[in-house]
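Scope of the values below: all heavy atoms of this structure, side chains included, with no hydrogens, waters or symmetry mates. The model shown is predicted, which means the values in this text are computed figures rather than measured ones.
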2 protein chains.
Amino acid sequence: MHSPELLKGTLQTILLKVLKDNGKMYGYEITQKVKELSVGRILLTEGALYPALHKLEAEGLLQTETVLMGKRVRKYYTITVTGKNLVKERVIEFREFIKTMSAVLQVQIA
Amino acid sequence: MHSPELLKGTLQTILLKVLKDNGKMYGYEITQKVKELSVGRILLTEGALYPALHKLEAEGLLQTETVLMGKRVRKYYTITVTGKNLVKERVIEFREFIKTMSAVLQVQIA
DNA sequence: TTACATACATAATTCACTTATGTATTGACT
DNA sequence: AGTCAATACATAAGTGAATTATGTATGTAA
């Protein structure tokens, strides 16, 4: 697991990007996908995940659809057009941040 | 200027690394050096800088030396051996974080 | 039947940062 | 001479995204 400090500010971008790449997903599924993609290095906590999803929905970046699986509720999230546009910017911003940081820290990336 | 959210958690690493690379420096000088290295993209605020320097000093990662330049006080900071060891880890950690993030965001770095 | 994984949610707390404020010197422009 | 910007330090109040803690409930394997 990474130092959690570094993750700050990346959660929204992660959620939007994973939803853009994978289509309709529910919260728990997102945590598992992120865990898989990060080889166990990013473990999203529920206390961060759900409020973040609710916020993105309130901002119109995500849409929801609640489905009853047997007796269990699942809330599926889909990225909106606005969300797709934003995630592009966010990813570009992240890449620029990395470039800047590598210049400041004088480290070679990739 | 970058989204300040992304910078969170990187300040200590930046300070330690810049002091490791440039030897003895004072606060204001560090802000200018970081501004230069980042091509104006990272502008350290005093409210973040000074408390961070004080904390690193309290933790034994930095040493200080106060000098009177005419009538103006300057506080020079030098990285300690402990600090040098830590900054190595922090930079490695940052590189690993970038690798993980690029896997999650499915973006090419560098 | 107990424990872990699945699945959602919210409240209290933490803490690194921003914003605001304060003090004071130096140099440049007018 | 006066004003503004840059230099140089510092701390306090406020913000906000996260952690930690807690709650509810179902499905499943040992």
Distance in Å, B/Leu16 CG paired with B/Arg90 CZ, rounded so as to fall on 0.5 Å steps: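 CZ of B/Arg90 is found 7.0 Å from CG of B/Leu16.
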Are [X] and [N] close enough that a side-chain N or O sits under 4.0 Å from OP1 or OP2?
| X | N | value |
| --- | --- | --- |
| A/Tyr26 | C/dC8 | no |
| B/Lys8 | C/dC15 | no |
| B/Lys71 | D/dA8 | no |
| A/His54 | C/dT10 | yes |

Length of the [atom1]-[atom2] vector between [X] and [N], whole Å:
| X | N | atom1 | atom2 | value |
| --- | --- | --- | --- | --- |
| B/Leu44 | D/dA8 | CG | P | 15 Å |
| A/Leu15 | D/dA17 | CG | P | 13 Å |
| A/Tyr50 | D/dG23 | OH | P | 18 Å |
| B/Ile42 | C/dC17 | CD1 | P | 12 Å |
| B/Leu49 | D/dA8 | CG | C1' | 11 Å |
| B/Glu46 | D/dA8 | CD | C1' | 8 Å |
| A/Leu7 | D/dA18 | CG | C1' | 10 Å |
| A/Met69 | D/dG27 | CE | P | 11 Å |

In sequence, state the C-alpha distance, the side-chain angles, and the governing distance for A/Lys75 and A/His54, and then conclude on side chain to side chain contact (heavy atoms under 4.5 Å, CB included). CA-CA 11 Å; A/Lys75 203 162 162 187; A/His54 299 164; 4.2 Å; yes
Contact nearer the 5' end of DNA chain C, comparing A/Val73 with A/Pro51: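 It is A/Val73 whose nearest nucleotide is closer to the 5' end.
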Nearest to side-chain heavy atoms of A/Arg74, which nucleotide of C/dA9, C/dA7, D/dA10: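 Shortest atom-to-atom distance from the side chain points to C/dA7.
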Any idea which of D/dC9, D/dA18, C/dA9 is nearest the A/Tyr77 side chain?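 Of all the options, the side chain of A/Tyr77 is nearest to C/dA9.
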Below 4.0 angstrom, N of the basic side chain to O of the carboxylate: do B/Glu65 and B/Lys24 qualify?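 Here B/Glu65 pairs with B/Lys24 in a salt bridge, since their nearest N and O are under 4.0 Å apart.
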Which residue pairs pass the salt bridge (charged side-chain N to carboxylate O under 4.0 Å, His left out) test when at least one of the two sits in residues 25-37 of chain A, sequence neighbours left out?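 Sorted result for residues 25-37 of chain A: A/Lys33-A/Glu36.
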Could you check whether A/Gly27 gets within reach of a base, just the sugar-phosphate, or nothing at all, counting any heavy atom under 4.0 Å?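 Counting heavy atoms under 4.0 Å across all strands, the contact made by A/Gly27 is with sugar-phosphate only.
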Among A/Val87, A/Val34, A/Leu44, which residue satisfies the side-chain contact (heavy atoms from CB on, under 4.5 Å) criterion with A/Leu15?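 It is A/Leu44; the other options fail the test.
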Starting at the 5' end of DNA chain D, which residue's closest nucleotide do you reach first, A/Gly70 or A/Gly47?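 Result: A/Gly47.
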